[in-house]
Amino acid sequence: MKTRSQTTPKPLNTVRLPPVESPRTRSRPKPKPETRKKGTLGDLRRPKKPPTAFFYFMEDFRKTFQEENPSVKAMQDVGKACGEKWNKMAFEEKVKYYDLATERRAEFEKAMAQYNKKKNGELSEESE
DNA sequence: CCTATGATTGTTTCG
DNA sequence: CGAAACAATCATAGG
């Protein structure tokens, strides 16, 4: 409605709705995905990001998928199936997962506050 | 034995 | 606002 002088009022629920269906706006040139996970154990300082709705969906889907496809064990195969179904999933069904992720993020915000705070002290107290 | 990579999409973070 | 990296999972590879 009408003009919104404010740029993105940033609703409290940021989300619950699926992000605009961007037509692949995320351009990922994927130049050299050599080390996507560099410090699996060394980046503990980085607050782990909250799992996305997609991951939550995977938890459920993974179990179901393995039951129907005991042959498939690697997530790579399941992941593909997940993505395919995820795109076809009904918005209402996804909302359920979005809602989960939304709550998880709230907690994550706190972790972020500490992270920012720690960042300052880290300079002095790097090793813990 | 340990570590990294593979794939999926959504979210996070900084300037 | 945009770009880039990262989030979990599990099987597999090599030294």
Side-chain angles (χ1 to χ4, degrees):
Chain A
M1 320 301 227
K2 292 21 166 276
T3 43
R4 212 184 268 108
S5 319
Q6 242 167 7
T7 26
T8 50
K10 227 169 194 216
L12 272 86
N13 318 348
T14 357
V15 221
R16 237 184 256 152
L17 259 66
V20 195
E21 248 184 72
S22 330
R24 240 156 247 212
T25 327
R26 183 229 306 85
S27 42
R28 216 150 46 169
K30 200 162 149 223
K32 242 183 195 204
E34 266 179 26
T35 48
R36 269 178 82 237
K37 274 184 207 298
K38 23 183 143 175
T40 23
L41 307 157
D43 285 351
L44 293 171
R45 296 181 193 288
R46 196 179 287 275
K48 291 181 13 171
K49 299 182 237 181
T52 63
F54 181 67
F55 276 36
Y56 281 111
F57 164 63
M58 227 200 312
E59 279 186 48
D60 262 359
F61 187 82
R62 179 164 52 78
K63 290 180 208 170
T64 307
F65 191 90
Q66 282 190 351
E67 274 185 25
E68 298 194 10
N69 303 294
S71 326
V72 180
K73 313 158 191 170
M75 286 301 307
Q76 301 160 293
D77 285 339
V78 185
K80 283 183 207 166
C82 281
E84 203 174 336
K85 179 150 185 160
W86 182 257
N87 283 316
K88 286 174 179 271
M89 259 178 98
F91 164 66
E92 294 179 8
E93 304 274 334
K94 291 201 248 179
V95 175
K96 155 168 116 198
Y97 295 101
Y98 275 102
D99 196 15
L100 282 165
T102 304
E103 286 186 42
R104 186 57 51 198
R105 284 186 309 168
E107 248 187 87
F108 174 76
E109 269 189 51
K110 286 199 260 175
M112 199 54 188
Q114 278 183 358
Y115 171 64
N116 281 332
K117 202 159 99 175
K118 201 168 183 170
K119 217 164 118 191
N120 271 346
E122 199 194 320
L123 292 170
S124 291
E125 229 172 342
E126 146 173 355
S127 121
E128 77 169 353

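In what follows, chains are A, B, ... by sequence order, proteins preceding strands, each numbered from 1.
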For this session: Not counting sequence neighbours, which residues clear ring pair (Phe, Tyr, Trp, His ring centres under 6.0 Å) with A:F61? List them please.
Result: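 By the ring pair (Phe, Tyr, Trp, His ring centres under 6.0 Å) rule, A:F61 matches A:F57, A:F65.
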Exercise. Does A:R105 have a side-chain nitrogen or oxygen under 4.0 Å from the phosphate oxygens OP1 or OP2 of B:dT11?
Worked result: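 So the side-chain polar atoms of A:R105 never come under 4.0 Å of the phosphate oxygens OP1 or OP2 of B:dT11.
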Exercise. For A:D77, which contact category applies under a 4.0 Å heavy-atom criterion: base, sugar-phosphate, or nothing?
Worked result: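 If one applies the 4.0 Å heavy-atom cut-off, A:D77 turns out to touch nothing in the nucleic acid.
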For this session: Could you check A:A101 against A:Q76 and say which one's nearest nucleotide on DNA chain B is further toward the 5' end?
Result: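 With A:A101 and A:Q76 compared, the 5'-side residue is A:Q76.
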Exercise. Among C:dC10, B:dT9, B:dG10, which is the nearest nucleotide to the side chain of A:Y98?
Worked result: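 My answer, after comparing the listed nucleotides, is B:dG10.
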For this session: Would you mind telling me which of B:dT12, C:dT9, B:dT9 lies closest to the side-chain atoms of A:F108?
Result: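 Selected nucleotide: B:dT12.
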Problem set entry | With A:Q76 via side-chain contact (heavy atoms from CB on, under 4.5 Å) - residues at least two apart |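 Once residues adjacent in sequence are excluded, the partners of A:Q76 under the side-chain contact (heavy atoms from CB on, under 4.5 Å) criterion are A:A74.
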Separation of atom [atom1] in [X] from atom [atom2] in [N], rounded to whole Å:
X	N	atom1	atom2	value
A:K88	B:dT9	NZ	C1'	16 Å
A:F65	B:dA7	CZ	P	16 Å
A:M75	C:dC10	CE	C1'	7 Å
A:R104	C:dC6	CZ	P	22 Å
A:E107	B:dT12	CD	P	13 Å
A:M89	B:dG10	CE	C1'	14 Å
A:R62	B:dT9	CZ	P	18 Å
A:F61	B:dA7	CZ	C1'	13 Å

For this session: Measure the CD-OG1 distance between A:E67 and A:T64 for me, rounded to the nearest 0.5 Å.
Result: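 Rounded to the nearest 0.5 Å, the CD-OG1 separation comes to 6.0 Å.
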For this session: Using salt bridge (Lys or Arg N to Asp or Glu O under 4.0 Å) as the criterion, list what pairs up with A:E107, not counting sequence neighbours.
Result: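 Per chain and number, A:E107 pairs via salt bridge (Lys or Arg N to Asp or Glu O under 4.0 Å) with A:R104.
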For this session: Residues of residues 49-59 of chain A with any non-hydrogen atom less than 4.0 angstrom from an atom of DNA chain B: list those, numerically ordered, please.
Result: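 A:K49, A:P50, A:T52, A:F54, A:F55, A:M58, in order of number.
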Donor-acceptor contacts under 3.5 Å from residues 80-91 of chain A side chains, at least two apart:
residue, atom, partner, partner atom, Å
A:N87, ND2, A:G83, O, 2.9

Problem set entry | Heavy-atom pair with the smallest gap, counting every atom of A:A53 and A:A101 |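 So the minimum-distance heavy-atom pair works out to N-CB, 3.8 Å.
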For this session: For the residue pair A:K96 and A:D99, establish whether any side-chain heavy-atom pair is separated by less than 4.5 Å.
Result: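 The answer is no; the side chains never approach within 4.5 Å.
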